[in-house]
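Take a look at the structure set out below.
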2 protein chains.
Amino acid sequence: MTSRTDKKSQRRADPLTRERIAEAAVELLDTAGERGLTFPALSEHLSTGPGAIYWHVSDKRDLLGAATEAVIGTALPAQPAPSPQAQPQREQVHAVALALYDAIEAHPWLSTQLAAQLSRNPWGPVTARIFEGISRQVIALNVPAHSWFTATSALMHYILGAAAQNAANAASARELGPEVNRASFFESVSQAWQELDPHTYPSTRAVASHLSDHDDREQFLAGVDLILAGFAATYPSAAERTVAQPPRRPDNS
Amino acid sequence: MTSRTDKKSQRRADPLTRERIAEAAVELLDTAGERGLTFPALSEHLSTGPGAIYWHVSDKRDLLGAATEAVIGTALPAQPAPSPQAQPQREQVHAVALALYDAIEAHPWLSTQLAAQLSRNPWGPVTARIFEGISRQVIALNVPAHSWFTATSALMHYILGAAAQNAANAASARELGPEVNRASFFESVSQAWQELDPHTYPSTRAVASHLSDHDDREQFLAGVDLILAGFAATYPSAAERTVAQPPRRPDNS
DNA sequence: ACCTGAACACCGTTCAAGT
DNA sequence: ACCTGAACACCGTTCAAGT
């Protein structure tokens with residue numbers, strides 16, 4: 001494990017690299033949250049000085065980018081060949097969606113960073129990896145070429161937005177105490193919504209009263225299916241690919 | 001306009017209020033960007049000290065929240081009565097979607113703040129206003145009650161995500177010089193994507209090659225229509241509401 | 001009740017100096 | 001080439017003191 005220059009006076013056990021720094025940053029972000037990632041804290045974690053970090057990373061944005069890249073890289077591994085048609089199409093879409101969903105739930109800070117990458121760096125590796133994962137499905141779904149971008153966008157924005165929302169809910173629920181399950185969290189949000197002014201917020205109140213204690217992942221996938229149904233309905237060529245499956249309940253009831 | 005105590009020694013022309021502070025914050029955010037909103041800058045803008053601002057606002061998060069509220073309040077005015085069926089349903093959805101789209105394009109910092117509000121404060125006025133605007137459409141669309149939340153989520157996340165993406169693109173294009181139009185911006189992104197590794201990013205490259213020089217708003221609405229089509233296909237009761245319209249091209253070609 | 005402005009704690013970033 | 005750590009600029013927040 002130690003390097004070949006195994007003298008007693010080697011500078012450090014293992015030298016700093018952008019990757020090691022990214023890992024440490026992820027750890028800090030997961031542990032202490034977005035506010036917990038500071039150069040002083042990270043320096044101490046790596047037992048070095050802030051200057052050393054700046055040698056490998058250009059600034060804090062770059063540091064956060066490296067952390068994001070590290071997580072996305074393992075959550076959405078590069079798949080060279082358009083994956084074989086082993087799974088039915090719908091399940092492949094679900095797999096990509098859930099990979100992102102789980103990554104964001106495990107690292108709540110990720111949702112902010114992904115949004116930042118999307119907007120700041122649409123040609124960066126993070127954006128490309130996500131876009132690739134989703135557009136591959138869209139193409140396989142026989143969406144016509146002129147609509148690839150629209151369809152991918154719709155799916156991607158829903159996935160990232162809903163996953164972020166779920167992660168935030170999970171974090172809020174966690175704050176209410178580890179013993180409280182999701183049910184009581186939804187209960188409390190539902191209740192807060194019910195207390196809105198009936199005159200200005202009639203529909204929100206109505207929706208709140210129908211917020212069943214659903215399974216979050218099922219709910220998330222129901223949204224994905226809703227958009228897939230939109231593809232099938234809008235592009236006849238895409239229809240057989242998704243609709244030919246055994247008809248699945250599109251939502252909880 | 002001046003208060004009743006109209007002595008020469010009144011402390012200031014107009015006293016600070018949360019609203020005046022929010023307005024000034026919006027101005028700073030629009031002018032100088034997210035990084036430009038600092039307490040020193042805001043204090044000077046209002047010709048006061050930082051302490052005065054803290055009397056009306058609890059901290060910076062609250063300050064940003066007030067700014068967000070101010071913008072959303074005018075972009076999405078409260079509509080007491082479920083708006084009359086004057087317009088066809090699809091156009092009402094478009095109207096809400098475009099209101100958010102335009103607000104985000106005019107205030108690019110808004111997209112980050114809306115995401116923050118959604119996750120931190122799901123029961124706050126900003127979230128409620130947006131949710132109300134969209135869920136009202138979903139309900140009017142005859143989506144069944146147990147799917148109101150899913151359907152509203154799908155539409156909302158797409159709208160906010162796509163609008164944010166557009167605002168970011170617009171900002172990037174602006175940076176390339178005021179004379180460059182959107183076309184050349186899309187050209188450059190498309191080109192950057194084309195240079196990705198063909199082995200790992202085949203689909204992204206394929207999509208890039210079909211990135212026509214579209215109208216951004218049309219593209220955005222095409223995505224909305226895609227999701228509406230999903231409603232119609234998934235919930236038979238919703239079908240006649242959206243499908244009965246003169247069939248509109250769902251996308252540019 | 002509302003405002004003033006100095007003071008404090010803290011963080012991102014730089015840089016001359018080391019190995 | 002890579003690391004050290006002190007120093008700087010700047011910002012969020014507080015607070016004793018004013019009106």
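Below, read A as the first sequence line, B as the second, and so on, with proteins coming before strands; counting in each chain starts at 1. Values below: every heavy atom of this structure, side chains too, minus hydrogens, waters and symmetry copies.
Judged by distance alone, the side chain of A/T127 and the main-chain N or O of A/N121 form a donor-acceptor pair under 3.5 Å. B/S190 places a side-chain N or O within donor-acceptor distance of the main-chain N or O of B/A208, the cut-off being under 3.5 Å. In this structure a side-chain-to-backbone donor-acceptor pair under 3.5 Å is missing from A/E105 to A/A163.
Close to C/dA1, at under 4.0 Å from its OP1 or OP2, lies no side-chain N or O of B/H56.
In this structure, CD of B/E44 is placed 13 Å from P of C/dG5, rounded to the nearest angstrom. Atom CH2 of B/W55 and atom C1' of C/dA1 are 6 Å apart (whole Å).
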>> Dot-bracket for DNA chain D, please. Rules: Watson-Crick or G-U, both distances under 3.5 Å, ( ) within the strand, [ ] when a pair crosses earlier ones, | for another strand, . otherwise.
In response: ||.|||||...|||||.||

> How would nucleotides 9-14 of chain D be written as a contact map, 5' to 3', with B for base contact, S for sugar-phosphate-only contact and - for no contact, using protein heavy atoms under 4.0 Å?
Replying inline: --SSBB

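Remark: B/A192 engages A/W123 in a side-chain contact (heavy atoms from CB on, under 4.5 Å) (not counting sequence neighbours). By the side-chain contact (heavy atoms from CB on, under 4.5 Å) test, B/A168 is found to be paired with A/S119, residues two or more places apart in sequence or in another chain being considered. The ring pair (Phe, Tyr, Trp, His ring centres under 6.0 Å) search around A/Y158 returns A/F220, not counting sequence neighbours.
Ring to ring, A/Y54 and A/F39 are close: their centroids are under 6.0 angstrom apart.
Of the candidates D/dT4, D/dC3, C/dC2, D/dC3 carries the atom nearest the A/L16 side chain, counting heavy atoms from C-beta on.
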Distance-only check: which donor-acceptor pairs under 3.5 Å involve side-chain atoms of residues 67-76 of chain B, not counting sequence neighbours?
| residue | atom | partner | partner atom | Å |
| --- | --- | --- | --- | --- |
| B/T68 | OG1 | B/L64 | O | 2.8 |
| B/T74 | OG1 | B/V71 | O | 3.2 |

